[in-house]
Amino acid sequence: MREISINARHIEGQPMFRLIDKVKRLEAQGRRIIHLEIGDPDFGTPKVITEAAKKSLDAGETHYGSSWGMTDFVEAIRQTTQRSRGFTPATDQVLVTPGANIAIFYAVFCLSNPGQEVLVPDPGFPTYLSAIRMCGAVPVPYPLRDRNAFRLRAEDIEPLITDKTRLLIINSPQNPTGAITEPDALKEIYELAVKHDLYVYSDEIYARMVYGDQDFFSIAGLDACKERVILSNGFSKAFSMTGWRLGAVVAPPEVAERMMLLLQTTSSCVSAFVQRAGLEAITGDQQPVREMMAEYKARRDLLVNGLNAIPGISCHLPGGAFYAFPNISSFGMTSEAFADAMLDKAGVALLPGSNFGDQGEGFVRICYASSRENISAALDSIAQACKAL
Ligand SMILES: Cc1ncc(COP(=O)(O)O)c(C=O)c1O
């Protein structure tokens with residue numbers, strides 16, 4: 001009998017793409033929409049990075065390569081890890097991946113069996129849930145609380161650990177809240193993982209996107225990714241390279257090897273010219289990144305001050321990433337209804353907090369990867385639309 005597999009039935013995708021379809025329909029009808037929904041930088045990829053890729057193509061680097069990644073690039077990742085996180089991983093701990101999204105699937109597939117439990121942040125990046133269910137494992141959401149400014153807390157995680165728990169996923173700076181968890185809290189979480197013998201997947205894709213009011217700390221330094229920590233990073237956000245599909249993982253050697261074999265099975269390797277671009281991104285001039293971060297910081301301040309000036313809305317100042325996660329619960333409507341109202345009445349696309357888990361209800365995610373002009377216009381329209389709710 002022709003039938004879709006059970007695994008395929010568990011694929012959920014990313015809920016935000018539903019809203020994107022609706023936005024596209026409105027735009028096709030001629031409505032002008034301000035896009036604050038998707039986490040895609042409005043800056044082009046820095047020219048030095050695209051030049052490195054062009055050079056690679058011109059040099060004929062257009063063939064299969066090692067599934068681990070190019071030797072020069074792996075070496076640069078090792079040195080960058082030393083500079084940013086205080087340890088140098090061995091060569092067999094580093095894996096170059098086609099983006100950070102797929103690395104989540106690799107890790108969940110390699111570290112959890114069907115029926116086992118994986119702890120995920122709630123609200124959190126939706127891919128975690130879909131990847132876990134796809135593998136037949138069970139996502140167990142742990143709450144990030146408004147009263148803790150959405151920072152991770154060991155005491156919110158520990159009660160949810162059972163003898164089926166295998167993996168703990170953490171994310172700081174965080175999507176959708178922009179929260180940065182403090183070093184002491186991350187050390188407590190690491191101790192928890194040791195006590196219960198869990199793997200920790202630390203999604204650090206926003207590590208370079210911190211605004212200086214709070215330090216970034218990586219849990220990966222606590223075991224140098226030798227035993228239980230899998231550090232995942234990506235080039236999409238800080239280097240404005242979302243379309244390039246490039247990431248890197250540092251993991252215990254036996255985990256890195258399994259993830260590499262999964263990559264080899266599904267993608268063979270990452271394109272050489274994309275890796276050359278990544279090499280330039282981490283070893284070249286960091287001025288373009290500093291300039292983008294200065295602009296994001298100005299936008300963050302504009303947005304968060306503007307939101308807090310709207311009666312009924314309150315918003316923490318996010319320490320990193322490019323998202324704000326305001327509380328809109330005083331309007332007495334679901335976050336989905338609020339987001340719909342903002343789209344219809346204000347012409348502003350933002351995402352319902354419930355897209356990121358049950359704890360996201362009562363909030364919306366606003367991505368400030370858009371010009372200050374757009375952010376100011378959006379704030380005016382949101383303020384007007386809120387008066388009529
Ligand atoms: C927390 C988090 N992890 C991973 C990703 C995936 O990034 P990419 O696949 O573009 O590297 C994203 C993208 O939004 C994210 O927010």
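Whatever order the structure lists them in is the order used to number ligands and atoms, beginning at 1.
Note on F105 and I205: separate hydrophobic clusters, where clusters join Ile, Leu, Val, Met, Phe, Trp and Tyr whose side-chain heavy atoms are under 4.5 Å apart, directly or indirectly.
Close to ligand 1: S236, with a non-hydrogen atom less than 4.0 angstrom away.
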Can Y368 and Y323 be said to form a ring-ring contact (aromatic ring centres under 6.0 Å, His included), step by step?
CA-CA 6 Å; Y368 45 90; Y323 309 110; 7.6 Å; no
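Defined by atom type and a distance below 3.5 Å, a donor-acceptor pair is present between the side-chain atoms of H35 and E27. With hydrogens and angles left out, the side-chain atoms of T177 and Q174 include a donor and acceptor closer than 3.5 Å.
Against a heavy-atom cut-off of under 4.0 Å, R245 is close to the following atoms of ligand 1: 8 (P), 9 (O), 10 (O). Counting atoms of ligand 1 from 1 in the listed order, those under 4.0 Å from a heavy atom of N171 are 1 (C).
If you look at I205 next to ligand 1, the close heavy atoms, those under 4.0 Å, all belong to the side chain. Residue-level proximity to ligand 1 for W244 is absent, since no heavy atom of it falls below 4.0 angstrom. Contacts of Q174 with ligand 1, taken as heavy-atom pairs under 4.0 Å, are absent altogether. The proximity of F235 to ligand 1, defined as any non-hydrogen pair under 4.0 Å, does not occur for either the backbone or the side chain.
Within the 6.0 Å centre-distance limit, the rings of F325 and F150 are counted as a close aromatic pair.
The nearest protein atom to atom 11 (O) of ligand 1, hydrogens excluded, is given as A100 N, 2.7 Å; this is a heavy-atom distance. Ranking the protein heavy atoms by distance from atom 1 (C) of ligand 1 puts D203 OD2, 3.3 Å first. Here the protein heavy atom with the shortest distance to atom 6 (C) of ligand 1 is N101 N, 3.6 Å. Ranking the protein heavy atoms by distance from atom 13 (C) of ligand 1 puts K237 NZ, 3.1 Å first. What sits closest to atom 12 (C) of ligand 1 on the protein, heavy atoms only, is F125 CZ, 3.4 Å.
When I169, V140, T127, L168 are each tested for a side chain to side chain contact (heavy atoms under 4.5 Å, CB included) with V120, only one passes: I169.
A 4.5 Å side-chain heavy-atom check between P176 and L351 finds every atom pair outside the cut-off.
Counting non-hydrogen atoms of other residues, nucleotides and ligands closer than 6.0 Å to CG of N308 gives a total above 12.
Under the 6.0 Å distance and 45° angle rule, K187 counts as a cation-pi partner of F217.
Annotation: Y128 places no N or O atom under 3.5 Å from an N or O atom of ligand 1; distance criterion only.
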